[in-house]
Colleague: 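Below you'll find the structure I mean.
Along the sequence shown, the residues carry numbers beginning at 1.
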Amino acid sequence: MTPRGSTAVTGLELMTALHPPTRASEPDANGRRHSEHNPGSLGKDPVDCAPCEAPDGHPLLKDLPAFHVRGPGEKLFEEAYDWARPMTDAECTLRHLVGIDVNMAFAAGASGLTVGLGAPTHVTNPAFDPKLPGSWLVGLSHVDQSKVKVGKEWVELDGSLLPSPFTPKGDCPEGPDWYATPTVAYAVELGYEVRPIEAWVRYENGRYLDGWYNRLRDAFLATMADLGVDADLAPADFLAAMDGYKERDPELAIVVSAIKATVKGGLGKLRERPRGKGWRPGEPWRALSRPTWRPDIRAAVISRTRINLHRKIVKHASFTGQYPIAILSDCVVYAFNGPSPLDFLPYREGKPLPGGFKLGINPGLVKHEGTQDVLWGEEVRERFNAPELNLARYIKDGTVTDVDSGE
């Protein structure tokens, strides 16, 4: 399709183009065809989100006091990681901080994901169903990361060195909070029982984003191959091919950036906020009239992306005893003596740890984001008096200009 406006608009339009809201019916008695709902699409009419899925200022919340601040017990808050911790004494004796970054992480999170297609249904005291998309009010504070299931085996970990999988900041939840289905399903996967208090579920559902993911994945892989980064390269060859790939053809590098922006922007459009002057909280805004205004789908993709990353981190920790010191969205930083991801990723005879991090260009695999000295990390945190400053934000080139603005 021809790009439509911004990359964000193009990402959204691609979803609709692959699942048009209507289709031609079978011929009637007179041989005429009519427009009918296209199964698997979001339809031609917008649907209301659940109150917990509504962003602040939404008409569903117009009766709330203006000064009221909703917490996670009232508001679904599925966002990407922004977490860091102080380095241990042992980590401070190591030489390097190595950042790895998940390729097309949010696209990978959308692949094969079942999302709601229609309006939500409210249920109380439901039995949790990991196959049913929705938003669940459930307590997860009892999940103990020091003892979790990895596959079919229980393993013991240092939970104090891991972020919680349930919150963007990595802190442990305190009470019943709202979560998307992939987050609650992960608590069950870790070996813990969950008992939702209530939920907004979507019985009409499907893998709406599969075709969207496939198109963008194919475009990304084809463009990277043209830049000399093939999908079947050995780990060391892949790292070498990625080194300076943008300089080989700056125009193709722009295409790569556009593909990535189409993914993130398209997902962001699913929860587009009010724009322009004149809007007041409680009033509808233009994006709400679109069938593709679906904050629940955005939340499910982000939830699954964060859970996918945590699963790999746990697998890596259980096998190597290594724990991340910082995570920002899809970038993870480890302390190690060697400067390369190959120095700490557990490859055996060229094969990666099953279920862990794997070097490669395919969505969901990882690339080298950057390496800095441990002394750099300590100096930066000391300079800004911030022992938990997120070093993943600066690992690429080591430049730290303004901590407050995140530049």
Side-chain angles (χ1 to χ4, degrees), residues 71-91 109 125-132 134-199 299-300 302-329 332-335 346 353-357 387-388 390 392:
E74 298 175 90
K75 178 181 178 180
L76 180 68
F77 191 63
E78 295 284 8
E79 299 294 341
Y81 268 131
D82 184 354
W83 169 87
R85 62 170 175 81
M87 285 185 277
T88 65
D89 292 342
E91 288 167 339
N125 298 316
F128 176 67
D129 182 352
K131 297 181 180 179
L132 186 60
S135 301
W136 309 77
L137 181 63
V138 58
L140 299 179
S141 59
H142 63 291
V143 177
D144 182 5
Q145 288 200 93
S146 63
K147 187 177 182 182
V148 296
K149 264 190 174 182
V150 178
K152 295 183 179 180
E153 297 183 0
W154 286 91
V155 299
E156 294 186 0
L157 302 170
D158 188 340
S160 67
L161 301 180
L162 287 169
S164 168
F166 309 127
T167 62
K169 289 293 183 181
D171 47 354
C172 293
E174 296 180 354
D177 296 332
W178 286 99
Y179 303 99
T181 296
T183 300
V184 186
Y186 188 55
V188 176
E189 180 184 324
L190 292 176
Y192 290 85
E193 184 181 11
V194 297
R195 295 181 179 178
I197 299 170
E198 60 176 302
I302 294 176
S303 163
R304 191 164 185 241
T305 302
R306 193 183 67 246
I307 293 307
N308 285 346
L309 185 59
H310 192 275
R311 185 183 292 111
K312 287 180 170 63
I313 289 168
V314 166
K315 187 76 173 182
H316 185 85
S318 66
F319 190 79
T320 67
Q322 299 163 359
Y323 295 84
I325 67 161
I327 310 173
L328 183 67
S329 187
V332 188
V333 176
Y334 285 91
L353 171 69
F357 295 109
E388 296 184 8
N390 195 333

Colleague: Taking only residues two or more places apart in sequence, or in another chain, which ones meet Glu388 in a side-chain hydrogen bond (donor to acceptor under 3.5 Å, both in side chains)?
Modeller: none
Colleague: Partners of Ala392 by side-chain contact (heavy atoms from CB on, under 4.5 Å), sequence neighbours excluded?
Modeller: Ala326, Leu328, Cys331, Val333, Asn390
Colleague: Donor-acceptor pair, Ser146 side chain versus Leu157 backbone, under 3.5 Å?
Modeller: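 Flag not set: sc Ser146 to bb Leu157 has no pair under 3.5 Å.
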Colleague: With sequence neighbours excluded, what pairs up with Ile302 under the side-chain contact (heavy atoms from CB on, under 4.5 Å) test?
Modeller: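 side-chain contact (heavy atoms from CB on, under 4.5 Å) check on Ile302 returns Glu79, Phe106, Arg298.
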Colleague: About how many Å separate OG1 of Thr167 and CZ of Phe77, when rounded to the nearest 0.5 Å?
Modeller: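 Separation between the atoms: 9.5 Å.
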Colleague: Mind checking side-chain contact (heavy atoms from CB on, under 4.5 Å) for Phe128 and listing every partner two or more places apart, or none if nothing turns up?
Modeller: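 Only Pro130, Trp136, Thr181, Val184, Ala185, Val188, Val194, Pro196 meet the side-chain contact (heavy atoms from CB on, under 4.5 Å) criterion with Phe128.
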Colleague: Mind listing the closest non-hydrogen atom pair of Asp144 and Val148 along with its distance?
Modeller: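 Shortest heavy-atom contact: O-CG1, 3.5 Å.
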Colleague: Looking at CG of Leu140 and CD of Glu174, how far apart are the two atoms once the value is rounded to the nearest 0.5 Å?
Modeller: 13.0 Å
Colleague: Does Lys147 have any side-chain contact (heavy atoms from CB on, under 4.5 Å) partners at least two apart in sequence or in another chain, and if so, which?
Modeller: Trp154, Tyr192
Colleague: Quick one: salt bridge (charged side-chain N to carboxylate O under 4.0 Å, His left out) partners of Lys169, sequence neighbours excluded?
Modeller: Asp82
Colleague: Can a donor-acceptor pair be found, under 3.5 Å and without considering hydrogens, that links the side chain of Glu91 to the backbone of Thr88?
Modeller: yes
Colleague: Measure the spacing between CG of Leu161 and CE of Met87 and express it to the nearest 0.5 Å.
Modeller: 13.0 Å
Colleague: Tell me every residue that passes side-chain hydrogen bond (donor to acceptor under 3.5 Å, both in side chains) with Ser329, counting only those two or more places apart in sequence or in another chain.
Modeller: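 If we apply the side-chain hydrogen bond (donor to acceptor under 3.5 Å, both in side chains) test to Ser329, skipping adjacent residues, there are no hits.
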Colleague: Mind listing the closest non-hydrogen atom pair of Gly73 and Leu137 along with its distance?
Modeller: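 Of all heavy-atom pairs spanning Gly73 and Leu137, the closest is O-CD1, 3.9 Å.
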Colleague: To check you understand the geometry: which heavy-atom pair defines the closest contact between Trp83 and Leu162, and what is its length?
Modeller: CZ2-C, 4.0 Å
Colleague: If we ignore hydrogens and angles and just use 3.5 Å, is the side chain of Glu78 paired with the main-chain N or O of Ala180 as donor and acceptor?
Modeller: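 At least one qualifying donor-acceptor pair exists.
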Colleague: Under the side-chain hydrogen bond (donor to acceptor under 3.5 Å, both in side chains) test, which residues partner Trp178, sequence neighbours left out?
Modeller: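 Checked Trp178 against side-chain hydrogen bond (donor to acceptor under 3.5 Å, both in side chains); zero matches.
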Colleague: So, using salt bridge (charged side-chain N to carboxylate O under 4.0 Å, His left out) as the criterion, who are the partners of Glu193 when residues are at least two apart?
Modeller: Arg195
Colleague: Kindly indicate whether the side chain of Pro173, heavy atoms from C-beta on, has any atom under 4.5 Å from the side chain of Ser164.
Modeller: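 In short, these two side chains touch, coming nearer than 4.5 Å.
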Colleague: Which donor-acceptor pairs under 3.5 Å do side chains of residues 307-320 form with protein atoms, sequence neighbours excluded?
Modeller:
{"residue": "Asn308", "atom": "OD1", "partner": "Arg311", "partner atom": "NH1", "Å": "3.1"}
{"residue": "Asn308", "atom": "ND2", "partner": "Arg304", "partner atom": "O", "Å": "3.4"}
{"residue": "His310", "atom": "ND1", "partner": "Tyr186", "partner atom": "OH", "Å": "2.9"}
{"residue": "His310", "atom": "NE2", "partner": "Gln145", "partner atom": "OE1", "Å": "2.7"}
{"residue": "His310", "atom": "NE2", "partner": "Pro163", "partner atom": "O", "Å": "3.0"}
{"residue": "Arg311", "atom": "NE", "partner": "Glu189", "partner atom": "OE2", "Å": "2.8"}
{"residue": "Arg311", "atom": "NH2", "partner": "Glu189", "partner atom": "OE1", "Å": "2.9"}
{"residue": "His316", "atom": "NE2", "partner": "Thr320", "partner atom": "OG1", "Å": "3.4"}
{"residue": "His316", "atom": "NE2", "partner": "Gln322", "partner atom": "OE1", "Å": "2.7"}
{"residue": "Ser318", "atom": "OG", "partner": "Val314", "partner atom": "O", "Å": "3.3"}
{"residue": "Ser318", "atom": "OG", "partner": "Lys315", "partner atom": "O", "Å": "2.8"}
{"residue": "Thr320", "atom": "OG1", "partner": "His316", "partner atom": "O", "Å": "2.7"}
{"residue": "Thr320", "atom": "OG1", "partner": "Gln322", "partner atom": "N", "Å": "3.1"}

Colleague: If you compare all heavy atoms of Ser303 against all heavy atoms of Thr183, which two are closest, and at what distance to 0.1 Å?
Modeller: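 It is OG-OG1, 2.6 Å.
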Colleague: Does Asp158 have any side-chain hydrogen bond (donor to acceptor under 3.5 Å, both in side chains) partners at least two apart in sequence or in another chain, and if so, which?
Modeller: Ser160
